[in-house]
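Position 1 is the first residue of the sequence; numbering continues from there.
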Amino acid sequence: MTPSLQDVGLAVKRLQWRHHRENNRALGAATGLSLVQWDVLRHLHQRPDASLHALAQLTFQTDQSMGELARRMADRGLITRQEGAGRAVRHHLTEEGEAAYRAGAEVVEGVLTATLGRLSPGELATLHELLLKAAAD
């Protein structure tokens, strides 16, 4: 029987929620980071010098909530904030932030291995391709 679109949507949401919940728990225990904080570190690792607005979009937050999170992360010594052109504020990982990102990456990899690791390499590639296709604008 072919699943309905609602069934597929719910299955995607359940997996996403499981990843979110388990990553938050495991990251908190191992690194003291939340998933949202680790995601900011991940994006800054991939895109040094990212603006507040770019980080907000990448991490599914509002500019205001990202600004508050960035302030707290800077106070904790994980990132630096530097004034850029115009009103832009640019962000960079500190050495401590880079170390936290790397430690968190190992934790996240473990959580994802427990679910997505059940798939064969071919199934994983197909799932990735289909999710990108479904999410395309």
Does the side chain of Q64 come under 3.5 Å of the side chain of T62 through a donor N or O and an acceptor N or O?
-> no
Verify whether one side chain among T115 and H19 offers a donor that lies under 3.5 Å from an acceptor in the other.
-> yes
Point-to-point distance, once rounded to the nearest 0.5 Å, from OG1 of T94 to CD1 of I79 = 8.5 Å
Interatomic distance, CG@L93 vs CZ@R42, rounded to 0.5 Å, equals 12.5 Å
Check whether more than 12 heavy atoms from other residues, nucleotides or ligands sit under 6.0 Å from atom CZ of R25, and answer yes or no.
-> no
Within the side chain of D49, is there an N or O that forms a donor-acceptor pair under 3.5 Å with the backbone of R90?
-> no
Determine, using the 4.5 Å side-chain heavy-atom cutoff (strictly less than), whether [X] and [Y] are members of one ILVMFWY cluster.
{"X": "L116", "Y": "L131", "result": "yes"}
{"X": "L58", "Y": "L33", "result": "no"}
{"X": "V89", "Y": "L55", "result": "no"}
{"X": "V111", "Y": "L27", "result": "no"}

Which residue, H20, E22, Q16, forms the side chain to side chain donor-acceptor pair (under 3.5 Å) with R18?
-> E22
Do the charged groups of E129 and K133 touch, with an N to O distance under 4.0 Å?
-> no
Any Lys/Arg nitrogen of R72 or E68 sitting under 4.0 Å from an Asp/Glu carboxylate oxygen of the other?
-> yes
Please step through side-chain contact (heavy atoms from CB on, under 4.5 Å) for the pair H43 and D39, ending with a clear verdict.
-> CA-CA 6 Å; H43 286 296; D39 198 31; 3.3 Å; yes
With sequence neighbours left out, the residues meeting ring-ring contact (aromatic ring centres under 6.0 Å, His included) with H128 are none
Partners passing salt bridge (Lys or Arg N to Asp or Glu O under 4.0 Å) against R47 (at least two apart in sequence or in another chain) | none
Nearest heavy-atom neighbours spanning A70 and H91 = CB-NE2, 3.8 Å
Note: L119 and E123 closest approach over all heavy atoms is CA-OE1, 3.4 Å
Can Q61 and T59 be said to form a side-chain hydrogen bond (donor to acceptor under 3.5 Å, both in side chains), step by step?
-> CA-CA 6 Å; Q61 298 184 69; T59 58; 2.9 Å; yes
